[in-house]
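Written out below as structure tokens is the structure these notes cover.
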There are 2 protein chains.
Amino acid sequence: MPSSTQIANGLSKLGTFLRASQWHRVEDTGLTPTQSQILLHLIARGADRITAVAEEIAVTQPTASDAVAALVRKGLLRKANDPADARAVLLHPTAAGRRIAKDLALWPDVLLGAVDSLLPDEQAALLRGLTKIIRDLQHQGAIPVQRMCASCRFFRPSAHENPETPHHCDFVNAAFGEARLRLDCGDHEAAPPSAAAAAWQQFADQKASTSKAPRPR
Amino acid sequence: MPSSTQIANGLSKLGTFLRASQWHRVEDTGLTPTQSQILLHLIARGADRITAVAEEIAVTQPTASDAVAALVRKGLLRKANDPADARAVLLHPTAAGRRIAKDLALWPDVLLGAVDSLLPDEQAALLRGLTKIIRDLQHQGAIPVQRMCASCRFFRPSAHENPETPHHCDFVNAAFGEARLRLDCGDHEAAPPSAAAAAWQQFADQKASTSKAPRPR
DNA sequence: GACATTACATAGGAGTCCTATTTATATAAT
DNA sequence: ATTATATAAATAGGACTCCTATGTAATGTC
């Protein structure tokens with residue numbers, strides 16, 4: 001029983017829990033998990049097309065179409081013509097949609113609490129692991145491209161000597177550490193393939209304990 | 001934007017992906033994610049009641065009842081009387097159910113591949129983080145008790161000097177390391193509350209880097 | 001201009017998921 | 001013993017998820 005199985009198992013259990021806790025919230029918000037995801041996505045990233053939304057939440061286009069129809073019926077979303085393409089539809093959150101979204105959370109407080117109870121080093125290591133897994137899945141085409149440091153053109157891993165803040169973000173022009181790696185950065189811009197691959201190598205080959213073990217100098 | 005948010009975000013994304021990939025498998029197996037979960041649970045843990053199954057997969061009892069009915073209809077499950085309680089029902093997998101379950105996986109190969117691409121230290125750290133989160137959720141009553149080392153009466157954390165294999169399992173009477181922590185051990189037996197709390201403290205307070213940094217001696 | 005492609009909608013159907021309620025049994029309190 | 005209460009599961013009803021398959025319109029290609 002290799003540890004990768006245990007890890008997959010753990011992720012699975014947390015996934016089950018997350019989905020269930022979203023369902024429990026239906027009576028407060030009136031939105032199903034799928035609907036919440038769509039609304040939050042549109043608010044975070046701006047107006048978008050149905051196909052793109054479907055890909056984002058990993059369902060087929062008709063399923064997304066269904067959920068969008070429900071949101072429109074509830075007055076939380078508005079369909080607008082896309083000036084760039086007369087077939088397409090741009091989904092805009094309405095004022096009511098924005099209002100409701102404030103009370104919407106994709107993850108429950110008890111999960112945040114549990115994560116906060118980890119030591120800082122543990123959080124950093126966990127985030128690093130998740131980052132690598134997500135980037136790998138993305139690389140294999142199993143999930144859509146994420147707005148993560150790992151694939152961003154502004155990301156320069158291991159750019160600094162200081163083991164506390166080895167990475168650098170060219171966008172905000174600042175050094176940062178493992179614990180500040182982002183998975184959903186608003187300023188993300190995809191790096192060209194070759195540069196991305198090189199930066200990723202740099203990041204991935206780093207020893208897991210970089211932030212603890214003093215570097216030989 | 002604290003890292004706990006990024007971590008929750010990452011877990012969320014992986015959860016979305018996991019659920020979607022289970023749906024993609026429907027055409028092979030003929031089973032929905034919920035049905036797969038139930039069948040696999042019963043095979044792994046033996047016959048069980050509907051209420052228990054519902055709790056395990058984090059749905060309400062009527063939902064579990066629905067899914068079980070579908071499985072019975074498909075000939076993969078059999079309902080039997082519970083000799084201990086005439087109201088209750090014991091669910092047994094049929095031979096066909098066991099056959100089908102062999103081809104059923106709760107997690108897709110590409111996820112296992114992604115996890116395997118982590119360095120051993122990274123895997124251990126990730127597993128440790130997941131373990132702590134799951135145990136915390138369990139402690140808060142947000143998820144049912146898991147068959148994990150962290151709550152097992154045979155688990156003796158940090159029992160050994162060797163930083164590679166600090167923990168000890170009294171059941172198999174062997175030392176093991178972070179990477180071998182289990183989340184679904186078949187031999188799990190719940191520890192009495194006080195002992196469990198003590199063992200947990202021992203485990204939780206360990207420095208994250210135990211397996212790397214040489215201990216002062 | 002014909003042909004394939006793409007964006008979305010719709011239809012049809014099994015299943016998920018909930019709350020509320022019913023039926024039967026078990027347990028507790030009188 | 002006899003109610004009263006609690007529990008295990010089934011059922012009803014309804015919104016929604018999720019799929020495949022297909023239709024409709026607009027776009028891109030040669």
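Protein chains get the first letters and strands the later ones, always in sequence-line order, with residue 1 at the start of each. Owing to the predicted nature of the structure, the values given are computational and were not obtained by experimental measurement.
Phosphate contact (OP1/OP2 of dC8(C), side-chain N/O of S65(A), threshold under 4.0 Å): absent. For T51(A) and dC8(C), the shortest distance from a side-chain N or O to OP1 or OP2 is below 4.0 Å. At the phosphate of dA15(D), neither OP1 nor OP2 sits under 4.0 Å from any side-chain N or O atom of Q35(A). Taking 4.0 angstrom as the limit, K79(A) places none of its side-chain polar atoms (N or O) nearer than this to OP1 or OP2 of dC8(C). Contact between the side-chain N/O atoms of K74(B) and the OP1/OP2 oxygens of dA14(C) is not found at any separation under 4.0 Å. Side-chain nitrogen and oxygen atoms of T63(A) include none within less than 4.0 Å of the OP1 or OP2 phosphate oxygen of dT17(D).
Taking OG of S117(A) as the reference point, atom NE2 of H139(B) lies at 10.5 Å (rounded to 0.5 Å). Taking CG from L40(A) and CG from L104(A), the interatomic distance works out to 4.5 Å, rounded to the nearest 0.5 Å. To the nearest 0.5 Å, the span separating CG on L112(B) from OG1 on T5(A) amounts to 5.5 Å.
Spacing between atom CD of Q61(B) and atom C1' of dA24(C) amounts to 13 Å, rounded to whole angstrom units. Taking atom CD on Q37(B) and atom C1' on dG15(C), their separation rounds to 14 Å, with Å as the unit. In this structure, the CZ atom of R87(B) is 14 Å from the P atom of dA24(C), given to the nearest Å. With rounding to whole Å, H24(A) atom NE2 is found 13 Å from dT19(C) atom C1'. Look at CZ on R25(B): it is 20 Å from C1' on dA14(C), rounded to the nearest Å. As rounded to whole Å, 13 Å separates atom P of dA7(C) from atom CG of L90(A). Summarising the geometry, the separation between CG on D82(A) and P on dC8(C) is reported as 8 Å, rounded to the nearest angstrom. Distance CG (L31(A)) to C1' (dA15(D)): 13 Å, rounded to an integer number of Å.
Where DNA chain D pairs in unbroken runs of 3 or more (Watson-Crick or G-U, both distances under 3.5 Å), the stems are C:1-30 with D:1-30.
Among the protein residues, T34(B) comes within range of the sugar-phosphate backbone only, with heavy atoms under 4.0 Å from sugar or phosphate atoms but none that close to a base. V26(B) comes within 4.0 angstrom of no nucleic acid atom, judged by non-hydrogen atoms across all strands. Contact annotation for A70(A): no contact, since no heavy-atom pair falls under 4.0 Å across all strands. Among the protein residues, R19(B) comes within range of the sugar-phosphate backbone only, with heavy atoms under 4.0 Å from sugar or phosphate atoms but none that close to a base. Residue contacts for D85(B): at a heavy-atom cut-off of 4.0 Å it reaches the sugar-phosphate backbone alone, with no base atom in range. As judged by a 4.0 angstrom heavy-atom cut-off over every strand, A67(B) is placed among residues touching the sugar-phosphate backbone only. Note on T32(A): only backbone sugar-phosphate atoms sit closer than 4.0 angstrom, heavy atoms only; bases stay farther off. Residue-level contact check: P33(B) touches neither bases nor backbone, having no heavy atom under 4.0 Å from any strand.
Between the side chains of D184(B) and Q146(B), no donor-acceptor pair of N or O atoms lies under 3.5 Å.
Remark: side-chain polar atoms of S4(A) are not paired, donor with acceptor, to backbone N or O of D116(B) under 3.5 angstrom. Under a 3.5 Å cut-off, the side chain of K74(A) and the backbone N or O of G30(A) do form a donor-acceptor pair. Put simply, the side chain of Q123(B) gets close to the backbone of V115(B): a donor and an acceptor are under 3.5 Å apart.
Aromatic ring pairs are classed by plane angle as parallel below 30°, tilted from 30° to 60° and perpendicular above 60°; the pair F155(B) and F203(B) is perpendicular.
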Start with the C-alpha distance between L76(A) and Q35(A), add both sets of side-chain angles, then the distance that settles side chain to side chain contact (heavy atoms under 4.5 Å, CB included), and finish with yes or no.
CA-CA 10 Å; L76(A) 307 178; Q35(A) 291 167 18; over 6 Å; no

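Of the two residues contacting DNA chain C, namely P62(A) and A20(A), the nearest-nucleotide position lying further toward the 5' end is that of P62(A).
Checked against dC18(C), dA26(C), dC18(D), the side chain of D66(A) finds its nearest nucleotide in dC18(D).
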